[in-house]
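Heads up, the thing below is written out as structure tokens.
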Amino acid sequence: MPEGKSLHIYNTLTRKKEVFKPLNPPFVGLYVCGPTVYSDVHLGNIRSNLTFDIVYRYLTYLKYNVRYVRNITDVGHLLDNDEGDDKIEKRARLEKIEPMEIVQKYTNNFHVVTQLFNLINPSIEPTATGHIVEQIEMVQRILDNNLAYEINGSVYFDVKKYSGEHNYGELSGRKLDELLEQTRDELEGGDEKKYFADFAIWKKASEETIMKWDSPWGLGVPGWHLECSVMSTKYLGQRFDIHGGGMDLKFPHHECEIAQSIGADGVNPVKYWMHNNMLTVNGTKMSKSLGNSFLPLELISGDHPSLEQGYSPMTVRFFMLQAHYRSTLDFSNEALQAAEKGLKKLMTTITTLNKLESSEKSSVNISFLIKKCKESMNDDFNTPITIAHLFDGVKIINSINDDKESISAKDLENLQDHYNTFVFEILGLKIEHVNSSNDKLANALMDVIINIRNQSKEKKDWETADLIRNELKRLNISINDGKDSSTWSYEE
RNA sequence: GGUUCCGUGGCCGAGCGGCUAGGCAGUGCUCUGCAAAAGCAUCUACAGCGGUUCGAAUCCGCUCGGAACCUCCA
């Protein structure tokens, strides 16, 4: 554990920051709602996964043994049209291929994108279709406890009965009678449900439905909240430490998960609920249905009407980390460009740091800087503050490099270790644009060219020197003249 | 309509009773044959009006403006 204040996490359930105390240290169970694989992941999914990527990385840094479970929803995300229709099947009909082809296609897409953004793979990535048996069993347990009822081959969770003994709405802060008032009008259209807030945990499948399974209630599909309850229980136990997801899942999805778990096993499943906030564009939520979202690959290529240029995955990652996960984050070209330059500055400084020379003693306070970084991460994973501290260090490192300050060998080692740990392991940034260094031929050729140019410069033949520089510029190679030597790099 | 949240300098975005946030842009400077890059320094704030307090961006009230959830979305 780091010295100073220990890790605090904002718990949605209690609406305050709490000291993080795992149920069974050093083990930590982390469950995150993964994507429904019926179309390309969009940037909002990335922010959510990034949030919990940081949680996973930091807990691991704190020496916890984390089991990180993130599901793939490949069935059961029912559309609200009473046809037993689900998103994946709808898409399959649209693309005229098998539902499982849709699932595979977009699961692959998701994995490509998570790799791009350097998101660590979960310990277990279970699928809903792989846990149909367990889902049926859970439905049965809820039925056995008289908290669900069967009608026409579908099974509904009995919210009214459940709320007699338990607090339905404890997570989202909703009250049933308030909800009722708001939905009364829509209740008229003869529904199978006995009560407006009841939700399907097993839904009868129509004739045409391709993906369906046999159950004690006939052919059908699992309800759309059920898989998370089932898979978290199976892999993390009836009660586990952290459950994460986007704020828009708080209600009804996560509320229903709690009800199902209590309904089936009598255990409130989660100790700490964490919810990340939304990405916005011009102040409005970025969402698929509003059509204002970018696909990750569009963002990288810049191939989108509202993008002025492409942005690298690490630029986007850094950009997102400059805002706290519980705040909304607004997307704009200006903000992205700022992040791009900021990241470059940070990375350049790390190169400087790794080449720094030590002195007899330090004139700078390294341990203070390191302590501040840990404190900010301990404060509910406050990455923007951590980054601000890292930039304070940038000034220190450059001052040492300019011989305005000095650093001892031991401090230097600590500082290098600190930056490598925080920037690469905890924030999960990585150096992009692998430069010339791997390309031996290019390096050798450039050495020759730079040598020739240096000779021209010595003769004050500026015309030739400039010609070489300009011609290389056309090949996207830039020459930077330093004090004693010239360096070169590929332009992005 | 109900519930919840937010309004910080040119832009993004922290802080949430007293102490420089940070990044980008701007300005000045250093380096330099020139350029570029880089570095250093520095200027713009807390939606409005009241209140609590020795002291408020930070707490309370009201007003104005915006958002999210209540239906699938991370």
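Values below: all heavy atoms of this structure, side chains included; hydrogens, waters and symmetry mates excluded. Chain letters run A, B, ... following the sequence lines, proteins first, then strands; residues in each count from 1.
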Write down the partner of [N] under the Watson-Crick or G-U wobble criteria, each distance required to be under 3.5 Å.
| N | result |
| --- | --- |
| B:G7 | B:C64 |
| B:C40 | B:G28 |
| B:G1 | B:C70 |
| B:C54 | B:G18 |

Look at the side chain of [X] and the base of [N], then say whether one donor and one acceptor between them are separated by less than 3.5 Å.
| X | N | value |
| --- | --- | --- |
| A:Asp481 | B:C34 | yes |
| A:His42 | B:A74 | yes |
| A:Arg469 | B:C34 | yes |
| A:Asp392 | B:G22 | no |

Looking at [X], I'd like to know whether one of its side-chain N or O atoms comes within less than 4.0 Å of OP1 or OP2 on [N].
| X | N | result |
| --- | --- | --- |
| A:Lys90 | B:C72 | no |
| A:Asn382 | B:G15 | yes |
| A:Thr36 | B:C73 | no |
| A:Asn277 | B:A74 | no |
| A:Lys372 | B:A14 | no |
| A:Lys404 | B:G39 | no |
| A:Lys341 | B:A25 | yes |

Using the [atom1] atom on both, measure [N] against [M] and round to a whole Å.
| N | M | atom1 | answer |
| --- | --- | --- | --- |
| B:C5 | B:U42 | P | 39 Å |
| B:U20 | B:U44 | C1' | 15 Å |
| B:U30 | B:C19 | P | 35 Å |
| B:A47 | B:C40 | P | 31 Å |
| B:G7 | B:G51 | P | 23 Å |
| B:G66 | B:U8 | C1' | 15 Å |
| B:C73 | B:A68 | C1' | 13 Å |
| B:A56 | B:G17 | P | 14 Å |

(request) Could you tell me whether A:Arg326 sits above the aromatic face of A:Tyr10, with NZ or CZ closer than 6.0 angstrom to the six-membered ring centre and within 45 degrees of the axis? (result) yes
(request) Could you tell me whether A:Arg174 sits above the aromatic face of A:Phe251, with NZ or CZ closer than 6.0 angstrom to the six-membered ring centre and within 45 degrees of the axis? (result) yes
(message) Please report the interatomic distance NE2(A:His111) to CG(A:Leu116), rounded to the nearest 0.5 Å.
(response) 13.0 Å
Classify [X] by what it touches in the nucleic acid, base, sugar-phosphate, or nothing, heavy-atom distance under 4.0 Å.
| X | value |
| --- | --- |
| A:Asn276 | base |
| A:Lys175 | nothing |
| A:Thr284 | sugar-phosphate |
| A:Ile479 | base |
| A:Lys250 | nothing |
| A:Leu390 | nothing |
| A:Gly44 | base |
| A:Thr487 | nothing |
| A:Arg453 | base |
| A:Gln337 | nothing |
| A:Thr328 | sugar-phosphate |
| A:Asn480 | base |

Nearest-Å distance, [atom1] ([X]) to [atom2] ([N])?
| X | N | atom1 | atom2 | answer |
| --- | --- | --- | --- | --- |
| A:Asp403 | B:C31 | CG | C1' | 15 Å |
| A:Glu334 | B:G26 | CD | C1' | 12 Å |
| A:Ile400 | B:A38 | CD1 | P | 20 Å |
| A:Met320 | B:G13 | CE | P | 12 Å |
| A:Asp248 | B:C69 | CG | P | 6 Å |
| A:Lys285 | B:U4 | NZ | C1' | 14 Å |
| A:His389 | B:G15 | NE2 | P | 11 Å |
| A:Lys395 | B:U42 | NZ | P | 9 Å |

Please tell me which of the listed nucleotides, [options], lies nearest to the side chain of [X]?
| X | options | result |
| --- | --- | --- |
| A:Ala465 | B:G33, B:A74, B:A14 | B:G33 |
| A:Ala388 | B:A21, B:C69, B:G33 | B:A21 |
| A:Gln322 | B:G22, B:C73, B:C34 | B:G22 |
| A:Ser48 | B:C73, B:A74, B:G39 | B:A74 |
| A:Arg174 | B:C70, B:A74, B:A36 | B:C70 |

(message) So is the aromatic ring of A:Phe391 stacked onto the base of B:G23, judging by whether the centres are under 5.5 Å apart and the planes are under 30° apart?
(response) no
(message) If we check side chain to side chain donor-acceptor pair (under 3.5 Å) with A:Asp379, which of these qualifies: A:His8, A:Lys374, A:Lys17, A:His324?
(response)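 Passing option: A:Lys17.
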(request) Would you kindly say whether A:Asp74 and A:Tyr38 are connected by a side-chain donor-acceptor distance under 3.5 Å? (result) no
(message) Can a side-chain donor-acceptor contact be found between A:Asn401 and A:Thr352 if the only test is distance below 3.5 angstrom?
(response) no
(message) Could you check whether any side-chain heavy atom of A:Lys345 comes within less than 4.5 Å of a side-chain heavy atom of A:Leu343, counting everything from C-beta outward?
(response)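 When only atoms from C-beta onward are counted, A:Leu343 and A:Lys345 do not touch, as no gap falls below 4.5 Å.
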(message) I'd like to know whether the aromatic ring centres of A:Phe199 and A:Tyr156 sit less than 6.0 Å apart in this structure.
(response) no
(message) Please determine whether the number of non-hydrogen atoms from other residues, nucleotides or ligands lying under 6.0 Å from atom CD of A:Glu170 exceeds 12.
(response) yes
(request) Select from A:Leu249 and A:Leu343 the residue whose nearest nucleotide in RNA chain B is closer to the 5' end of that strand. (result) A:Leu343
(message) Let me spell it out: for each of A:Gly173 and A:Ser399, pick the nucleotide of RNA chain B with the closest heavy atom. Which residue's pick is nearer the 5' end?
(response)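 Per heavy-atom nearest nucleotide, the more 5' residue is A:Gly173.
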(request) Please work out which of the three classes, parallel, tilted or perpendicular, describes the rings of A:Phe422 and A:His418, given edges at 30° and 60°. (result)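 Rings of A:His418 and A:Phe422: tilted, 30 to 60°.
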